[in-house]
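Contents: one structure, followed by commentary.
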Amino acid sequence: MNLNVNQKKAIHYVSGPCLILAGAGSGKTQVIIKKIIYLISQCHLNPNSIFAITFTNKAAKEMRNRISDKLSHNITKMITISTFHSLGLRIVKSELNALNICSNFSIFDEQDQITVLKDITKKNDRTFLKKVRIMISNWKNKLINSYNAKIRAKSIIEKKYCRYYELYEIYLKSCNILDFDDLIFLPTLLLKNNELLREKWQNKIKYLLVDEYQDTNFIQYELIKLLSKSNKNFTLVGDDDQSIYSWRGARLNNFSLLKLDYPELKIIKLEHNYRSSGRILKAANFLIENNPHFLQKKLFSNLEYGPIINIIPARNEEEEAILVSKKILNHKLINSSNYRDYSVLYRSNYQVKVFEKVLINFKIPYYVVTRSSFFSRPEIRDLLAYLKLMLNSNDDIAFLKIINRPSRGIGEKTLKKIKSWSIYKKISLFDASNSNELKSFLSSRSFNALQNFIILIKELKENIFIKPIMVLDNLISTIKYESWLLKNLKNFKLYKISLNNMHSLLNWISELIQSNKNKSNTLSDIIYQFILHNELEEENPEDDKLQLMTLHASKGLEFPYVFMIGMEEGILPHYSSLNNIDEERRLTYVGITRAKKELFFSYSKIRCQYGEVIYTVPSRFLLELPKNDLLWKKNNVQKNNFLKKI
Ligand code: ATP
Ligand code: MG
């Protein structure tokens with residue numbers, strides 16, 4: 001690969017803060033990879049002192065693979081390449097004393113948070129509980145603890161939410177539990193307030209690189225500043241046109257702040273797009289011109305102009321899925337391409353359901369990229385809850401999850417008594433169950449069942465230091481989990497799926513241990529990694545499958561042929577984001593710029609939403625594209641005829 005002048009400049013500039021502001025497909029991620037290699041092989045920086053931050057674990061893995069093509073495996077392993085959350089976890093684990101956290105802490109996911117908030121707020125309404133969860137998350141992402149939130153609160157309602165936050169904080173602290181946001185919140189607060197530790201980490205990190213900078217939020221920017229203050233050696237890479245996470249607190253403002261906080265900031269623009277054909281790029285440029293910009297940049301491509309952009313209309317969602325599937329089959333035949341060369345991108349997860357049905361009928365192999373689907377499967381959550389309870393017996397949520405899985409005849413009444421006792425004694429549910437005083441409140445049958453459970457967990461705990469794979473194996477056989485599943489699941493097919501999932505979990509752990517050979521691989525490490533890697537990848541890159549994913553999930557990826565479906569008002573732009581059209585436009589821009597050779601759009605004239613049939617109009621974004629580069633197809637399919645063909 002011949003690097004262009006600006007790419008070279010970006011790689012060789014190492015003597016101060018550097019922002020690479022560049023368009024889609026201009027080699028930003030490439031530059032980070034090449035810069036890491038340059039820092040090690042030419043500047044002789046210790047690989048241990050190089051830290052790179054990516055947006056997802058998948059991107060981190062990909063980056064590591066690409067670096068190990070050029071540097072030895074051992075050197076690559078020494079470089080830190082992680083997400084903000086994984087880096088935060090690392091800081092937490094090294095600073096337990098300063099943070100006043102015991103080493104066996106648990107990590108809560110969103111589901112666990114909701115369960116606790118249900119208890120705290122005494123409300124059962126999921127929408128409400130989600131709202132409280134998001135408010136707490138927003139506070140933490142602005143570096144505000146419950147005390148400060150309370151001081152700022154004006155209305156009675158706000159004060160009430162602050163009280164929930166306070167109780168939530170107390171609960172987590174008493175159980176030695178952190179939530180996802182804490183993984184960034186606690187280290188940032190610590191480094192801000194503790195000069196010694198701040199210097200320690202600043203000395204450790206000689207060079208910091210951040211990909212997808214446009215999607216950093218307030219606290220992540222603070223952490224970047226704290227980690228790099230003294231040496232100011234960092235390279236941040238981003239594209240203001242691809243900022244699509246404002247709903248998670250991402251702030252475009254972080255670009256302007258950078259200029260203010262670092263007046264010596266070197267800004268390098270990359271405008272040569274190496275990914276997309278000329279026509280696709282022209283469409284992307286036309287669209288994004290309608291947005292305000294932090295810094296003007298214009299992408300150009302030297303690749304061929306490429307075929308016209310087809311817009312496929314459909315009468316309804318099912319027909320849309322059928323027409324797109326047929327197009328893929330035809331196109332694949334004509335171009336002798338593979339399924340893996342195609343991707344179908346959509347705004348919202350629910351859109352994929354209709355497609356899956358049709359793809360199965362057409363026998364098109366496909367893979368849906370989803371977040372946390374594996375993680376949320378019941379058998380995986382059960383096993384994880386066992387492991388969490390073995391690690392931290394104060395984890396009441398894990399306790400409640402598995403107390404009756406497999407069933408042990410411990411009923412609601414008994415659980416209520418355990419809960420009351422734990423509140424009265426200010427101890428965990430596990431300790432409450434373990435106390436002899438409870439005997440007089442329970443029937444001897446319930447008491448014995450409870451004692452057996454406690455003994456089981458204690459025995460499992462004794463083996464916690466053996467190989468994690470064996471811990472899990474031992475757990476599954478000791479609790480006779482498989483035979484319980486066989487008895488309880490509706491049919492044999494579901495049972496087989498569960499077994500497969502458990503198998504995938506074991507495989508995932510062995511792979512993790514294999515790739516972490518020189519690092520610590522205790523059970524707690526595995527559990528933390530598992531919680532953080534909730535986008536567990538099941539697909540094998542060698543598999544020839546069509547990929548389906550949301551526009552958000554497509555960030556940073558590229559495919560020869562891209563189909564953007566559901567190009568309708570209300571879907572893209574989404575009706576819930578009509579107050580933020582710029583961001584919806586950026587999302588469309590992200591989708592368009594994933595395509596290398598050819599781009600297709602489709603829309604449906606009728607769509608079913610929440611049981612209602614809605615007549616739609618094509619997305620305004622289609623109308624913002626260059627007219628002469630689009631071909632609006634006619635829909636000639638006879639009514640109902642398309643249904644007979646599958
Ligand atoms: P995105 O904005 O989507 O994250 P990006 O700016 O990170 O994109 P990359 O993914 O790094 O871009 O690169 C896009 C494509 O261009 C990749 O296939 C990469 O290999 C290729 N590429 C980058 N630089 C060059 C170059 N100098 N010569 C040839 N190909 C290049
Ligand atoms: Mg990239």
Side-chain angles (χ1 to χ4, degrees), residues 1-12 18-38 52-67 69-70 81 83 209-216 235-245 250 252 255 267-278 280-281 283-285 287-288 293-295 297-304 306 340-341 343 345 541 547 549-562 564 586-597 599:
M1 182 186 298
N2 283 329
L3 296 167
N4 66 40
V5 176
N6 278 0
Q7 285 181 327
K8 279 186 194 153
K9 251 195 225 164
I11 292 168
H12 298 155
C18 176
L19 169 68
I20 301 170
L21 185 77
S26 60
K28 293 186 296 298
T29 306
Q30 260 316 314
V31 163
I32 291 209
I33 291 167
K34 293 257 156 45
K35 191 156 189 169
I36 292 174
I37 297 167
Y38 177 78
I53 299 180
T54 56
F55 199 72
T56 60
N57 291 300
K58 192 174 172 177
K61 195 171 160 189
E62 171 81 25
M63 191 173 277
R64 194 175 290 286
N65 285 343
R66 291 223 235 156
I67 292 174
D69 288 343
K70 292 280 182 279
I81 306 176
T83 60
L209 305 103
V210 181
D211 200 1
E212 311 276 5
Y213 177 67
Q214 75 279 358
D215 283 319
T216 51
T235 293
L236 312 179
V237 164
D239 178 2
D240 51 340
D241 291 331
Q242 292 188 68
S243 175
I244 51 175
Y245 279 93
L252 270 174
F255 280 108
I267 300 180
I268 298 173
K269 285 203 272 183
L270 305 178
E271 292 174 302
H272 186 162
N273 174 298
Y274 290 93
R275 178 182 293 147
S276 308
S277 62
I280 293 169
L281 209 57
N285 279 336
L287 178 82
I288 211 64
H293 288 89
F294 165 70
L295 209 85
K297 55 182 167 16
K298 187 119 191 139
L299 281 177
F300 66 92
S301 162
N302 288 342
L303 300 173
E304 62 174 42
R340 77 170 81 90
D341 297 334
S343 81
L345 309 181
Q547 294 201 44
M549 68 191 81
T550 61
L551 289 160
H552 281 100
S554 75
K555 200 165 80 144
L557 305 178
E558 56 187 25
F559 306 90
Y561 312 110
V562 169
M564 290 177 67
R586 288 193 290 269
L587 200 50
T588 311
Y589 176 81
V590 167
I592 294 176
T593 53
R594 300 308 95 202
K596 289 163 106 169
K597 294 185 181 165
L599 175 66

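Every number for a ligand or one of its atoms is a count from 1 in the order of the listing. Scope of the values below: all heavy atoms of this structure, side chains included, with no hydrogens, waters or symmetry mates.
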Looking only at non-hydrogen atoms, find the nearest pair between K35 and I11 and report the distance. CE-O, 3.4 Å
Using a distance threshold of 2.8 Å, state whether an N, O or S atom of T29 lies below it from the Mg ion (ligand 2). yes
Select the closest option to atom 8 (O) of ligand 1 among G25, S26, G27, S276, judged by heavy-atom distance. G25
Can I280 and L599 be said to form a side chain to side chain contact (heavy atoms under 4.5 Å, CB included), step by step? CA-CA 7 Å; I280 293 169; L599 175 66; 4.1 Å; yes
How about D240 and H293: does a side-chain donor come under 3.5 Å of a side-chain acceptor? no
Please could you name the atoms of ligand 1 that A24 approaches to less than 4.0 Å, counting only its heavy atoms? 2 (O)
Can you tell me which portion of M1 lies within the under-4.0 Å heavy-atom range of ligand 1? Options are side chain, backbone, both, or neither. side chain
Of Q242, E558, R594, the one whose closest heavy atom lies nearest atom 3 (O) of ligand 1 is R594
Would you mind telling me if ligand 1 is within reach of the side chain of V31, the backbone, both or neither, using heavy atoms under 4.0 Å? neither
Look at ligand 1 and say whether L3 reaches it with a heavy atom at a distance under 4.0 Å. yes
Could you tell me the residue and atom name of the protein heavy atom closest to atom 4 (O) of ligand 1, and the distance to it rounded to 0.1 Å? G556 CA, 3.7 Å
Salt bridge (Lys or Arg N to Asp or Glu O under 4.0 Å), that's the test. Do K58 and E62 meet it? Break it down for me. CA-CA 6 Å; K58 192 174 172 177; E62 171 81 25; over 6 Å; no
Atom indices of ligand 1 within 4.0 angstrom of N2 heavy atoms, with elements: 26 (C), 27 (N), 28 (N)
Over all heavy atoms of both residues, which pair between R586 and I244 is shortest? Give the atoms and the distance, please. C-CG2, 4.0 Å
Tell me: protein heavy atom nearest atom 10 (O) of ligand 1, and distance? R275 NH2, 3.2 Å
Number the atoms of ligand 1 from 1 as they appear, then name those within less than 4.0 Å of a heavy atom of G23, with their elements. 6 (O)
Within the distance-only criterion (no hydrogens, no angle test), does the side chain of E271 pair as donor or acceptor with the backbone N or O of K298 below 3.5 angstrom? yes
Which one of Y589, Y274, F55 has a non-hydrogen atom at the shortest distance from atom 16 (O) of ligand 1? Y274
Heavy-atom nearest option to atom 2 (O) of ligand 1, drawn from K28, K34, Q7: K28
Ring geometry between Y245 and F55 (parallel below 30°, tilted from 30 to 60°, perpendicular above 60°): tilted
Which option out of R66, Q30, K596 puts a heavy atom nearest to atom 19 (C) of ligand 1? Q30
Taking everything shown except K34 itself, do over 12 heavy atoms lie less than 6.0 Å from its NZ? yes
What pair of heavy atoms forms the shortest contact from S276 to S301, and how long is it? O-OG, 3.0 Å
